[in-house]
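Here the structure is laid out as structure tokens; the discussion comes afterwards.
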Amino acid sequence: MAKLQISQILRGDIPLGASVEVAGWVRTRRDSKAGISFIHLHDGSTFHPLQVVAGQELSNYELDIKRLTSGCAIFVVGTVIPSQGAGQAVEVSATEVQVLGWVDDPETYPMQPKRHTMEYLREFAHLRPRTNITLAVSHVRHSLAFAIHRFFHERGFYWIHTPIITASDCEGAGEMFRVSTLDIANLPRKPDGQVDFSKDFFGREAHLTVSGQLNVETYCMALSRVYTFGPTFRAENSNTRRHLAEFWMVEPEIAFADIYDDVTLAEQFLKTIFKAVLDECGDEMQFFADRIDKNCISRLESMITAEFARMDYTEAISHLEKANVTFEFPVRWGMDLQSEHERYLSESLVGRPVAVINYPKDIKAFYMRMNDDDKTVAAMDILAPGIGEIIGGSQREERLDRLDQRIEQLGLIKEDYWWYRDLRRYGTVPHAGFGLGFERAMMYATGVDNIRDVIPFPRSPGQAAF
RNA sequence: UCCGGCUUAGCUCAGCAGGUAGAGCAGGCGGCUGUUAACCGCCGGGUCGUAGGUUCGAGUCCUACAGCCGGAGCCA
């Protein structure tokens, strides 16, 4: 392992005159006829390159250094010196350059030192980490994920590893991927012709999870403050810049809490994690501001400082009805808010993030707590300027009779939920939680407008390469 | 899944009144320079997404298909 990261040298951690060893991949090489070559080297620790100055006195100057092209891997021994040129404070004067790996056909090396389209880079998911944009995304992704864990850890939450494979058919949040070891060319059949899943690996139908919420609620009813953070799968045939078949989701669940506690938690959560990104990824965020979305920094700053507004759904509808704006989708009580409505509320009406609370029961899930009016449930969405819904959550129905009512009303099968119902039979308490799509948060933070570019290996309909 | 757009050299694109392709970057060679996605010159490189059709002739018009992109729906 190389002793130093390039970020340490550029940050000024290493005194001038110190001898160093660095290793990385060549981005560009420029030659001076005076017999000096300038190599811009990256090792992924920062997207600023280290300038390595290699002169003709090196024994392999003509043989190796003059043949370096973009993408070659090298190991360098040298001295940290002040740079004579503009563009960097320090550079490394090489006393030894070893070529670890050549690029075997420089003309067709896909990652050229120039601007590529995001679509092109997606075709080279194995090489795009070598680009500035993907490097910056990787740094922010790490920082954001770490900040999420830190936020919960510091507040006494426990990270619960809910299962990826689920045999419960009660998740009901859209199409699921089947998990099976049956021979699909020769399926076992029951007498009535149905596939006999008792012969399958788990002895019953199994799928990839669409949410860890129901599982994490069980741990909430023992550890009080818990969360999940892991991959989630949806087999929906939705081909948009906002959807993936495999994505990561964060789902905290808090006991002895109501919908207002939930909103408060969500507000603190968003502010804390985005502040961490600004604090830890200044260079990366500046890069996004320069190249991708000039508003990304100010958007996060206002998210961090503004106090979130709170508003009942019913109140939101009346604001929308009074709005001097023509909406594509007409406004009426009982409808789900469309993206245009969400943006009006947060951008035009209140000008900051707003939590909309207490939605009509008919547009929300069975597990959300029924309000006293019998028409709305204690659900909440956090709407943010520039994106719309970023978080959705609810207080959960903790009363068994009301939960059963909802299961029945929605035509669900009570027995399927036996263990979920048990939580209401044995020491039930008010509790609440919310969900955040991790990649949606990444898009919000970076301004990268296609979700496939904020995850290393995107999976979407027809796309599972790499 | 529905609607719209795009698909020309390794990459980014131009070609548009249909007559058999061009630039920049990348690559090679040479020149110049403590250079900064350097600069200057020369060179190699394309059966114009696929399959049909119209036409004397199609990258350029028509049809189908595929892939990608955007929007909608669904949602995170």
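Lettering of chains follows the sequences in order, A, B, ..., and the numbering in each one begins at 1.
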> To the nearest angstrom, how far is A:Asp453 atom CG from B:C68 atom P?
Replying inline: 14 Å
>> Reading RNA chain B from 5' onward, which residue's closest nucleotide shows up sooner: A:Glu439 or A:Ile81?
In response: A:Ile81
> Which nucleotide, in any strand shown, forms a Watson-Crick or G-U wobble pair with B:C29, with both distances under 3.5 Å?
Replying inline: B:G41
> How close or far is atom C1' of B:A76 from atom CD of A:Glu251, stated in whole angstroms?
Replying inline: 9 Å
> Nearest-Å distance, CD1 (A:Ile451) to P (B:C74)?
Replying inline: 17 Å
>> Can you tell whether the side chains of A:Arg225 and A:Glu253 come within less than 4.0 Å, N to carboxylate O?
In response: no
> Under 5.5 Å between ring centres and under 30° between planes: true for A:Phe38 and the base of B:G34?
Replying inline: no
> Between B:C75 and A:Arg241, is there an OP1 or OP2 to side-chain N/O distance shorter than 4.0 Å?
Replying inline: no
> Do A:Asp362 and A:Lys375 sit within salt-bridge range, that is, some charged N less than 4.0 Å from a carboxylate O?
Replying inline: no
>> Please determine whether a side-chain nitrogen or oxygen atom of A:Ser70 lies at a distance below 4.0 Å from atom OP1 or OP2 of B:A26.
In response: no
> Is it true that A:Asp453 and A:Arg122 make a salt bridge, defined as a side-chain N closer than 4.0 Å to a carboxylate O?
Replying inline: yes
>> Of the listed nucleotides (B:C69, B:G73, B:G34), which one gets closest to any side-chain atom of A:Thr240?
In response: B:G73
>> I'd like to know if A:Glu119 reaches the base of B:G67 with its side chain such that a donor and an acceptor end up less than 3.5 angstrom apart.
In response: no
>> Expressed as a whole number of angstroms, how long is the span from A:Leu270:CG to B:A76:P?
In response: 16 Å
> Between A:Pro82 and A:Arg452, which has a closest nucleotide on RNA chain B that is more 5'?
Replying inline: A:Pro82
> Any side-chain N or O of A:Asn450 under 4.0 Å from OP1/OP2 of B:G70?
Replying inline: yes
>> On the six-membered ring of A:Tyr444, is A:Arg299 placed so that its NZ or CZ lies under 6.0 angstrom from the centre and within 45° of the ring axis?
In response: yes
> Say you pick atom C1' in B:C65 and the same atom in B:G28; how far apart are they, in whole Å?
Replying inline: 40 Å
> Taking NZ from A:Lys364 and C1' from B:C74, how many angstroms apart are they, rounded to a whole number?
Replying inline: 13 Å
>> Looking at the base of B:U35, is there any donor atom on it, or on the side chain of A:Gln51, that sits under 3.5 Å from an acceptor on the other one?
In response: yes
> If pairing requires Watson-Crick or G-U wobble contacts with both distances under 3.5 Å, which nucleotide is the partner of B:C2?
Replying inline: B:G71
> Where the side chain of A:Phe329 is defined as all heavy atoms beyond and including C-beta, which of B:C11, B:G34, B:A72 is the nearest nucleotide?
Replying inline: B:A72
> Of all the choices, B:U1, B:C69, B:G73, which nucleotide is nearest to the side chain of A:Asn237 once you look at every atom?
Replying inline: B:U1
> Considering Watson-Crick and G-U wobble pairs with both distances under 3.5 Å, what does B:G52 pair with?
Replying inline: B:C62
> Do A:His243 and B:C75 share a donor-acceptor pair, side chain to base, under 3.5 Å?
Replying inline: yes
> Which nucleotide in the set B:A76, B:C69, B:G73 lies at the smallest distance from any side-chain heavy atom of A:Arg122?
Replying inline: B:C69
>> Expressed as a whole number of angstroms, how long is the span from A:Met176:CE to B:A76:P?
In response: 14 Å
>> Between A:Thr28 and B:A37, is there a contact of a side-chain N or O with OP1 or OP2 at under 4.0 Å?
In response: no
> Choosing from B:A76, B:G34, B:C13, which nucleotide comes nearest the side chain of A:Ile36?
Replying inline: B:G34
>> Please report the distance, rounded to the nearest Å, between CZ in A:Arg29 and P in B:A37.
In response: 16 Å
> What about A:Phe327 and A:Tyr344, are their ring centers closer than 6.0 Å?
Replying inline: yes
> Are A:Gln98 and A:Glu96 linked by a side-chain donor-acceptor pair shorter than 3.5 Å?
Replying inline: yes
>> Rounded to whole Å, how long is the line connecting atom CZ of A:Arg30 with atom P of B:A37?
In response: 7 Å
>> For the P atoms, the ones on B:A9 and on B:A21, what distance do you get once it is rounded to whole angstrom?
In response: 15 Å
> Of all the nucleotides listed (B:U36, B:C74, B:C11), which has the minimum atom distance to the side chain of A:His116?
Replying inline: B:C11
> Are OP1 or OP2 of B:C29 and a side-chain N or O of A:Arg67 less than 4.0 angstrom apart?
Replying inline: no
>> Checking A:His149 against A:Tyr227: is there a side-chain donor and acceptor pair closer than 3.5 Å?
In response: yes
> Out of A:His161, A:Gln213, A:Glu251, which one pairs with A:Thr228 under the side chain to side chain donor-acceptor pair (under 3.5 Å) rule?
Replying inline: A:Glu251
> From the list B:A72, B:G10, B:C75, which nucleotide is the closest neighbour of the side chain of A:Arg234?
Replying inline: B:C75
>> Let's test this: given Watson-Crick or G-U wobble pairing with both distances under 3.5 Å, identify the partner of B:A23.
In response: B:U12
> Using the P atom in both, what is the distance from B:C11 to B:U1, to the nearest Å?
Replying inline: 28 Å
> So, is A:Gln338 close to the B:A72 phosphate, meaning a side-chain N or O under 4.0 Å from OP1 or OP2?
Replying inline: no
> If you check every side-chain atom of A:Asn239, which of B:U1, B:G34, B:C75 has the closest atom?
Replying inline: B:U1
>> Heavy atoms from C-beta onward define the side chain here; which of B:C74, B:G28, B:A76 lies closest to that of A:Phe247?
In response: B:A76
